Amino acid sequence: MILIFSINSDYSTSSVISWLIRLKKPFIRINEDTLFELLWLTSSDFAISVNGETILGSQITKMWYRRGGLDLFAKFKNALIKNYLRTEHNALIEYFYHRLDKIPSVNKIKNSDINKLYLMDLCQQYGVLAPKYIVTGCKNAAANFFEQEKHIISKPISTPFSFQDDEDFSHMAYTSMVNREDIDALPEKFVPTFFQQAIAKAYEIRVFYLNGKFYAMAIFSQNNSNTNVDFRNYDRDKPNRVAPYTLEKTYEKKLKRMLDAYGLNCASFDVIYASDDAEYYFLDLNPVGQFGMVSTPCNYNLEREIALAL
């Protein structure tokens, strides 16, 4: 039995499940609105109820953590003891996730989100080139960094802010260039912000990683004003040209050492191939990032590859 954690809106999960059905692999999917209950837990096993079906931990052979999470105390909302219940829930869910992460899996719950600053440390430790950065809430420090690098960007440290409006239109915080006027307009003190050296790119590379294999796609986003800073700011009228891409083997080895150190067997990440010095620059990593945008244009059939790995 394969245990899948996801959310209703994730189409990629459904695409992988289509392959699981074709491969005759039994599975159960848990979304944010799934009726879930932890029935009991001991040192040797546990039992859960998923939409009324009882499953033992010992019956679960593989797990895929795609997205989402659990609320084990959803039925208990007594306002008088809500703080106590929250403490109990946090302790129990932390341990339950630990038990789930012992199951052979694609992705683990514990490292499903990575701190960008920790990622920069890993890059330095394993010799993976990344743009210089500063985190500051001081105008003088931001101005000095701008004078030093000449071209800088600003981006979120964690998951980008996003929401959907009443018309189901998505709004998202993208990576943005920061110019001299932006620096001058800052107050002397502001919320600590992540500023980073802007790398002039020959092209951008989106990579999906699974169990030691790299599936890369070059994105020729540099000549479009919408996408030259952040390719996620799609130009639907004039889409970027994309093509299958092979990373240099020496670079793949560096990346694999870094991913192994963090305990990742699956992730999506972004790299720039610089036009100035012909070097790879590592930008971002998301253990639960989208992979359909690489799978379909490049005919990698990643949905099948994930299903085979489960």
Side-chain angles (χ1 to χ4, degrees), residues 12 107 114 116 118-120 122-133 151-153 155-156 159-160 172 174-177 194 196-236 238-262 264-303 305-306:
S12 295
N107 292 125
I114 186 167
K116 188 181 271 68
Y118 181 56
L119 177 63
M120 294 296 101
L122 284 175
C123 286
Q124 185 174 30
Q125 183 178 349
Y126 289 94
V128 176
L129 193 61
K132 300 172 187 176
Y133 77 88
H151 302 284
I152 67 173
I153 58 165
K155 62 200 301 187
T159 305
M172 184 175 178
Y174 294 110
T175 300
S176 300
M177 291 295 299
F194 184 90
Q196 193 172 43
Q197 174 192 18
I199 304 296
K201 60 187 176 184
Y203 48 85
E204 201 158 349
I205 307 163
R206 177 77 168 188
V207 186
F208 180 72
Y209 173 80
L210 178 64
N211 290 335
K213 292 187 69 176
F214 295 85
Y215 303 87
M217 177 179 76
I219 306 170
F220 299 93
S221 56
Q222 67 277 13
N223 295 322
N224 187 308
S225 59
N226 277 22
T227 61
N228 61 359
V229 176
D230 190 336
F231 77 86
R232 295 171 301 174
N233 189 21
Y234 300 115
D235 187 338
R236 301 192 184 279
K238 189 180 179 182
N240 296 143
R241 183 168 67 89
V242 299
Y245 187 87
T246 301
L247 295 166
E248 295 175 5
K249 291 300 178 185
T250 53
Y251 190 62
E252 286 187 352
K253 288 178 181 178
K254 287 182 180 181
L255 291 174
K256 187 177 185 305
R257 285 198 296 269
M258 184 176 76
L259 295 166
D260 286 347
Y262 196 70
L264 288 174
N265 64 0
C266 181
S268 295
F269 54 90
D270 301 315
V271 176
I272 278 179
Y273 188 75
S275 57
D276 291 341
D277 57 9
E279 294 279 3
Y280 290 124
Y281 284 82
F282 194 93
L283 298 184
D284 257 322
L285 181 147
N286 186 351
V288 295
Q290 295 292 353
F291 50 85
M293 63 171 293
V294 175
S295 179
T296 302
C298 297
N299 293 315
Y300 286 142
N301 210 349
L302 296 176
E303 296 79 7
E305 296 300 322
I306 294 171

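What you see is a predicted model; the values in this text were computed from it and never measured.
- Using bins of under 30°, 30° to 60° and over 60° for the plane-to-plane angle, the ring pair F214/Y209 lands in the tilted bin.
- Side-chain contact check for I205 versus L247: some heavy-atom pair is nearer than 4.5 Å.
- Considering OH of Y251 and OH of Y273, their distance stands at 11.5 Å, rounded to 0.5 Å.
- Annotation: cation-pi geometry not satisfied between R257 and Y126 (NZ/CZ under 6.0 angstrom from ring centroid, within 45° of ring axis).
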Is there a side-chain contact (heavy atoms from CB on, under 4.5 Å) between Y262 and L122 once you walk through the steps? CA-CA 8 Å; Y262 196 70; L122 284 175; 3.9 Å; yes
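- Residues M120 and Y133 form a side-chain contact, since some pair of their non-hydrogen atoms from C-beta on lies under 4.5 Å apart.
- Although no hydrogens or angles enter the test, the distance criterion places a donor-acceptor pair under 3.5 Å between the side chain of K116 and the main chain of P156.
- Among all heavy-atom pairs drawn from A274 and I199, the shortest one is CB-CG2, 3.6 Å.
- Between C123 and M258 there is a side-chain heavy-atom pair separated by less than 4.5 Å.
- Here the straight-line distance linking atom CG of L302 with atom CE of M293 works out to 11.5 Å at 0.5 Å rounding.
- Heavy-atom minimum distance, D284 versus F269: O-CB, 3.0 Å.
- With R206 as the partner, the side-chain contact (heavy atoms from CB on, under 4.5 Å) test is satisfied by one option alone out of I219, V242, V271: I219.
- Heavy atoms only, all atoms of each residue included: G292 and P297 are closest at O-CD, 3.8 Å.
- Closest approach of K155 to L283, counting heavy atoms only: NZ-O, 4.1 Å.
- Here the CZ atom belonging to F282 is positioned 11.5 Å from the CG atom belonging to L129, to the nearest 0.5 angstrom.
- Looking at every heavy atom in both residues, Q196 comes nearest to P131 through CG-CB, 3.6 Å.
- Here the CD-OG1 distance, from E252 to T246, works out to 7.5 Å after rounding to the nearest 0.5 Å.
- Between atom CD of residue E305 and atom NZ of residue K213 there is a gap of 5.5 Å, rounded to the nearest 0.5 Å.
- Side-chain atoms of M217 and Y245, non-hydrogen and from C-beta on, never get closer than 4.5 Å to each other.
- A centroid separation of 6.0 Å or more is found between the aromatic rings of Y300 and F291.
- Side chain of N265 to main chain of N107: a donor-acceptor pair is present (N/O by atom type, distance under 3.5 Å, no hydrogens or angles).
- L285 and I114 get closest at one heavy-atom pair: O-CG2, 3.5 Å.
- Under the 3.5 Å distance criterion, with hydrogens and angles disregarded, a donor-acceptor pair is assigned to the side chains of Y281 and D277.
- In this structure, N211 CG and C266 SG are separated by 7.5 Å, a value rounded to the nearest 0.5 Å.
- Between the K254 side chain and the G127 main chain, a donor and an acceptor come within less than 3.5 Å of each other.
- Side-chain atoms of S295 and E303 form a donor-acceptor pair, as typed in the model, at a separation below 3.5 Å.
- At least one donor-acceptor pair closer than 3.5 Å links the side chain of S268 to the backbone N or O of Q290.
- Looking only at side-chain heavy atoms (C-beta outward), Y280 and E248 come within less than 4.5 Å of each other.
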